[in-house]
Amino acid sequence: MSARTARRLALATQKIVAEVEDGVGWLTFNNPERRNAVSLEMWRGLGDAAEAFEADPEVRVVVMRGAGGQSFAAGADISEFEQFRANAEQKEAYGQIAARGQLGLAQLSKPLVAMIEGFCIGGGLALALTADVRIATAGSRFGIPAAKLGLGYEYAGIAALARLVGPSAAKDILFSARFLAADEALRIGLVNTIVDDGQLAAQVRAYALGIAANAPLTVHAAKAAVRAFEHYSATPEADAIDVLVNRCFDSEDYREGRRAFMDKRTPQFKGR
């Protein structure tokens, strides 16, 4: 972006960068040494950035992307889980911070575009699901590896996935914990468009500028209408699902999954 016209917003972290240029808010996950894995510090920054973009009258559309060219976001930073997310009690505190960031993006009244390059995994895919439009390169990879770690995936994220790709494809992604190539992600509706690697930045920029030039009240009304159609309201079953998720976080399997990840070995799950 041009240093002449870009305006950078003040955040408490350097690992989330928020800038405004020509009506477009650019939100960057800036942790490339860890493939933009989202740390607790970054979840806080995402909440602050979402609030700033929502309140900024100059911002008509927001684009989120990963720094470094190798990854959009490779999930939550698992190296922090032993300290901050080791059981159901810690999961609640961690979840409140993460939810503020994720809900801040999901509840933006302005269009949100995910510019996906490289890995879009776990919590990174959950962030991409908050976007209204997802544009990816042919080399991008998608997946939710929760079943390989033993952790539970909250209802809101699974519901967003199932609404987008359908229940059957969502179950496949969650049960298998496999990675999907970009062409499969396009086929099932996980992404809207695939572009050549070298064209991603230019095409996303042109797309975002086109949205920014459109009538903002019309765009706002359209997003609100689609959101109402998707029924984001809570469901009675969500409380029961939360019990199951907490059971995962308090399980021996989750402890084994964390240790296996840190030891770089295959976990041995026992179902308890």
Side-chain angles (χ1 to χ4, degrees), residues 1 6 8-9 11-19 24-50 52-53 62-81 83-85 94-95 97-106 108 112-131 133-146 148-149 151 153 157 160-161 173 177 179-182 185 190-191 194-195 197-198 200-201 204-205 208 261-262 264:
M1 289 189 301
R8 185 161 177 169
L9 307 182
L11 299 176
T13 176
Q14 298 298 312
K15 292 186 176 181
I16 296 293
V17 178
E19 297 169 294
V24 181
W26 294 91
L27 175 62
T28 305
F29 311 128
N30 188 33
N31 192 16
E33 66 275 8
R34 296 193 62 80
R35 290 182 173 176
N36 299 319
V38 185
S39 64
L40 200 59
E41 172 187 339
M42 292 168 70
W43 284 119
R44 290 191 181 95
L46 284 173
D48 294 340
F53 284 138
V62 176
V63 177
M64 54 182 173
R65 60 186 177 178
Q70 300 299 312
S71 179
F72 174 77
D77 190 343
I78 299 173
S79 68
E80 293 188 332
F81 283 11
Q83 181 180 3
F84 298 124
R85 208 183 184 195
Y94 183 102
I97 296 170
R100 176 174 171 264
Q102 192 156 326
L103 285 175
L105 294 172
L108 274 175
L112 178 61
V113 178
M115 173 177 159
I116 301 169
E117 186 175 19
F119 292 99
C120 182
I121 306 299
L125 180 53
L127 286 170
L129 291 173
T130 67
V133 176
R134 284 156 292 279
I135 302 174
T137 62
S140 298
R141 294 293 181 267
F142 304 84
I144 298 177
K148 293 186 180 296
L149 290 166
L151 57 83
Y153 215 72
L161 177 66
I173 291 168
F179 286 3
L180 283 67
L190 192 58
V191 300
I194 296 175
V195 302
D197 290 7
L200 180 64
V204 170
R205 179 180 177 81
F261 176 83
M262 301 303 291
K264 302 186 185 303

Nearest heavy-atom approach of Asn31 to Ala37 is ND2-O, 2.9 Å
Do the non-hydrogen side-chain atoms of Arg65 and Leu27 ever get within less than 4.5 Å of each other?
no
Of all heavy-atom pairs linking Met64 and Leu112, the shortest is CE-CD2, 3.8 Å
Sorted by chain and number, sequence neighbours left out, side-chain hydrogen bond (donor to acceptor under 3.5 Å, both in side chains) with Ser140 holds for Thr137
| said: Quick check: do Gln102 and Leu46 have side-chain heavy atoms less than 4.5 Å from each other? | reply: no
The side-chain hydrogen bond (donor to acceptor under 3.5 Å, both in side chains) partners of Glu41 (sequence neighbours excluded) come to Thr13
Discussion item. Could you check whether any side-chain N or O of Arg134 sits under 3.5 Å from a backbone N or O of Ala131, counting only pairs where one atom can act as donor and the other as acceptor?
Written reply: yes
Practice prompt. Would you indicate whether the side-chain heavy atoms of Val62 and Leu105 approach each other to under 4.5 Å?
Written response: no
Rounded to the nearest 0.5 angstrom, the CZ-CE distance for Arg34 and Met42 is 10.5 Å
Under the criterion side chain to side chain contact (heavy atoms under 4.5 Å, CB included), I'd like the reasoning laid out for Leu190 against Leu161: C-alpha separation, chi angles, the key distance, then a yes or no. CA-CA 8 Å; Leu190 192 58; Leu161 177 66; 3.9 Å; yes
Across all chains, not counting sequence neighbours, the side-chain hydrogen bond (donor to acceptor under 3.5 Å, both in side chains) partners of Arg141 are none
Taken in chain and number order and not counting sequence neighbours, the residues that satisfy side chain to side chain contact (heavy atoms under 4.5 Å, CB included) with Ala201 are Met115
* Ignoring hydrogens and angles, tell me if any N or O in the side chain of Asn36 forms a donor-acceptor pair with the backbone of Ser71 under 3.5 Å. => yes
Do the non-hydrogen side-chain atoms of Ile135 and Val113 ever get within less than 4.5 Å of each other? yes
Atom pairs and distances, donor-acceptor, side-chain atoms in residues 119-129, under 3.5 Å, two or more places apart:
none

Sequence neighbours excluded, the answer for ring-ring contact (aromatic ring centres under 6.0 Å, His included) partners of Phe29 is Phe72
Contacts of Arg100 meeting side-chain hydrogen bond (donor to acceptor under 3.5 Å, both in side chains) (sequence neighbours excluded), chain-then-number -> Asp48, Glu51
Closest non-hydrogen atoms of Ala182 and Ala138, given as atom of the first, atom of the second and distance, are CB-O, 3.4 Å
By side chain to side chain contact (heavy atoms under 4.5 Å, CB included), Ala18 pairs with (sequence neighbours left out) Leu9, Leu11, Ala49, Phe53
**Prompt:** Can you find a heavy atom in the side chain of Phe142 that is under 4.5 Å from one in the side chain of Ile173?
**Reply:** no
Gly139 and Asp197 have their tightest heavy-atom pair at N-OD1, 3.8 Å
Residue set satisfying side chain to side chain contact (heavy atoms under 4.5 Å, CB included) with Ala146, at least two apart, ordered chain then number -> Ile144, Leu151, Tyr153
NZ of Lys15 to OG1 of Thr28, rounded to nearest 0.5 Å, is 15.0 Å
